[in-house]
Engineer: 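Take a look at the following structure, please.
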Amino acid sequence: MSAFAYRGGRLMAEDVPLSRLAAEIGTPFYCYSSSAIEAQYAAFAGAVADLDPLICYSVKANGNQAVIATLARQGAGADVVSGGELKRALAAGVPAGKIIFAGIGKTAGEMAAALDAGILQFNVESAPELEELNRVALSKGVRAPVAIRINPDVDALTHAKIATGKAENKFGIDLPHAPEVYARARSLSGIEIVGIAVHIGSQLADLSPYRTAFTRVADLARALKAQGHPIRRLALGGGLGIGYGSEPAPSIAEYASLARSIAAPVGAALAFEPGRLLVGNAGVLVTRILYVKQGITRRFVIVDAGMNDLLRPALYDAFHAIMPVAQPVSAEPPQLVDVVGPICESADVFAVQRPLPPLAAGDLLAICSAGAYGAVMSSFYNARPPAPEIMVRGSDHAIVRPRADLDAIIADERIPGWLGGAPVAASRAAGSKR
Ligand SMILES: *Cc1c(COP(=O)(O)O)cnc(C)c1O
């Protein structure tokens with residue numbers, strides 16, 4: 001059952017009417033259901049329980065402290081891809097011993113921070129990164145726990161911009177190079193090999209690419225074990241898709257059974273890194289209609305949320321279901337409309353030729369399935385402060401990120417000296433060390 005459903009003619013977030021939140025907070029805003037996050041985590045954890053895996057929530061899907069903390073409370077670890085996400089995970093209470101650090105461009109500073117924190121594992125994505133991590137670890141007199149992320153050259157059958165497992169993608173080490181990199185890793189005294197990592201892409205709807213990828217990982221694990229490498233953990237990545245309304249969601253149970261039948265027999269511990277699956281359908285973006293414009297060929301519903309708030313439609317041509325916050329009552333037939341944002345870009349479109357009930361200026365809409373890769377990708381483009389974030393629990397709600405203060409942002413910028421402004425110290429410009 002969705003956490004966002006009509007009751008008494010009003011679209012609710014659990015037991016809170018979204019219209020009430022709109023009146024209190026203003027629009028646009030993100031609203032997350034903590035129960036939906038917990039239910040989704042429980043569904044995934046339940047499906048893989050017999051494998052006793054570590055479930056590391058992929059923080060990049062939604063890095064809000066409240067979201068990470070909700071999942072940490074359920075027992076989740078974290079999969080992070082930057083020093084900033086590492087900070088976020090630690091600040092939200094994820095134990096360092098449950099944190100995996102992935103990503104192809106870790107800086108020495110980020111590696112040092114992760115070693116200082118004592119994280120569980122680095123997923124290393126290139127031979128030079130391995131050398132750098134070795135150097136940083138030796139400088140601290142420690143060994144860095146490492147899984148090599150392999151690129152299994154598998155087509156994830158998803159949108160090109162979120163496929164990561166083909167040889168032409170920048171991610172991971174090509175399978176044929178893996179033995180050589182493991183041999184090198186073994187010779188480095190700042191590196192401790194702990195396993196293998198893989199992540200072939202996001203929003204996978206078809207499970208067959210997992211079958212191929214897991215098989216390649218399992219085969220490699222056996223080969224490496226035979227050579228004496230300590231392969232104690234297989235990090236199987238994330239990527240399991242969700243239903244956005246237009247397509248069926250793949251089965252968590254079938255995904256689990258692939259891991260069970262292919263990866264588990266290797267005899268190593270398993271880790272999963274789900275992101276979207278846990279939070280995608282636990283959030284909506286609520287926006288108000290500013291104007292309805294009837295063009296010659298199109299009817300445009302112009303809303304107050306833009307691509308700076310939710311980039312997925314512009315970036316991935318993503319489909320998001322859209323629901324009026326007031327349940328439609330009239331028997332009038334739906335109209336085909338384009339739901340568009342206010343930003344000066346033709347890509348700022350949330351829905352094209354979408355059948356929606358008759359709508360008018362002032363009406364509220366909920367853009368659904370916006371819990372993952374929504375707020376995290378927001379920007380200040382067009383000098384629009386990103387939408388604030390609200391979390392609901394039963395009849396309770398909390399503002400978990402207030403609307404950004406544009407005056408403070410502008411005040412933080414400086415007119416250069418040659419234009420008559422006051423200089424900023426270089427140390428300030430560099431910001432805090434990562
Ligand atoms: C993004 C990412 C994930 C999570 O992907 P989802 O599609 O959100 O599940 C997991 N692992 C790594 C390494 C990632 O980069």
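First listed ligand is number 1; within each ligand, the first listed atom is number 1.
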Engineer: Provide, line by line, the atom pairs where ligand 1 and the protein bring an N/O atom each to a distance under 3.5 Å; else say none.
Structural biologist:
{"residue": "ligand 1", "atom": "7 (O)", "partner": "S202", "partner atom": "OG", "Å": "2.3"}
{"residue": "ligand 1", "atom": "7 (O)", "partner": "G239", "partner atom": "N", "Å": "3.4"}
{"residue": "ligand 1", "atom": "8 (O)", "partner": "R276", "partner atom": "N", "Å": "2.8"}
{"residue": "ligand 1", "atom": "8 (O)", "partner": "Y373", "partner atom": "OH", "Å": "2.6"}
{"residue": "ligand 1", "atom": "9 (O)", "partner": "G239", "partner atom": "N", "Å": "2.8"}
{"residue": "ligand 1", "atom": "9 (O)", "partner": "G275", "partner atom": "N", "Å": "2.9"}
{"residue": "ligand 1", "atom": "11 (N)", "partner": "D79", "partner atom": "OD2", "Å": "3.3"}
{"residue": "ligand 1", "atom": "11 (N)", "partner": "E273", "partner atom": "OE1", "Å": "2.8"}
{"residue": "ligand 1", "atom": "15 (O)", "partner": "K60", "partner atom": "NZ", "Å": "2.7"}

Engineer: Just jot down the side-chain contact (heavy atoms from CB on, under 4.5 Å) partners of R143, sequence neighbours excluded, or say none.
Structural biologist: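 E192.
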
Engineer: Does any part of the side chain of H397, heavy atoms only, come nearer than 4.5 Å to the side chain of E24, both counted from C-beta?
Structural biologist: yes

Engineer: Aromatic rings H159 and Y316: how do their planes relate, parallel, tilted or perpendicular, breaks at 30° and 60°?
Structural biologist: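 Aromatic pair H159/Y316 classed perpendicular.
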
Engineer: Given the ring of F319, does R354 sit roughly above its face, with NZ or CZ under 6.0 Å from the centre of the six-membered ring and within 45° of the axis?
Structural biologist: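 Satisfied, under 6.0 Å and within 45°.
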
Engineer: Mind checking what makes salt bridge (Lys or Arg N to Asp or Glu O under 4.0 Å) contact with D174, not counting sequence neighbours?
Structural biologist: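 Scan of D174 (salt bridge (Lys or Arg N to Asp or Glu O under 4.0 Å), adjacent residues dropped) gives none.
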
Engineer: Under 3.5 Å, sequence neighbours excluded: what are the donor-acceptor pairs made by side chains of residues 214-221?
Structural biologist:
{"residue": "T215", "atom": "OG1", "partner": "R211", "partner atom": "O", "Å": "2.6"}
{"residue": "R216", "atom": "NH1", "partner": "P152", "partner atom": "O", "Å": "2.8"}
{"residue": "R216", "atom": "NH1", "partner": "D153", "partner atom": "O", "Å": "3.2"}

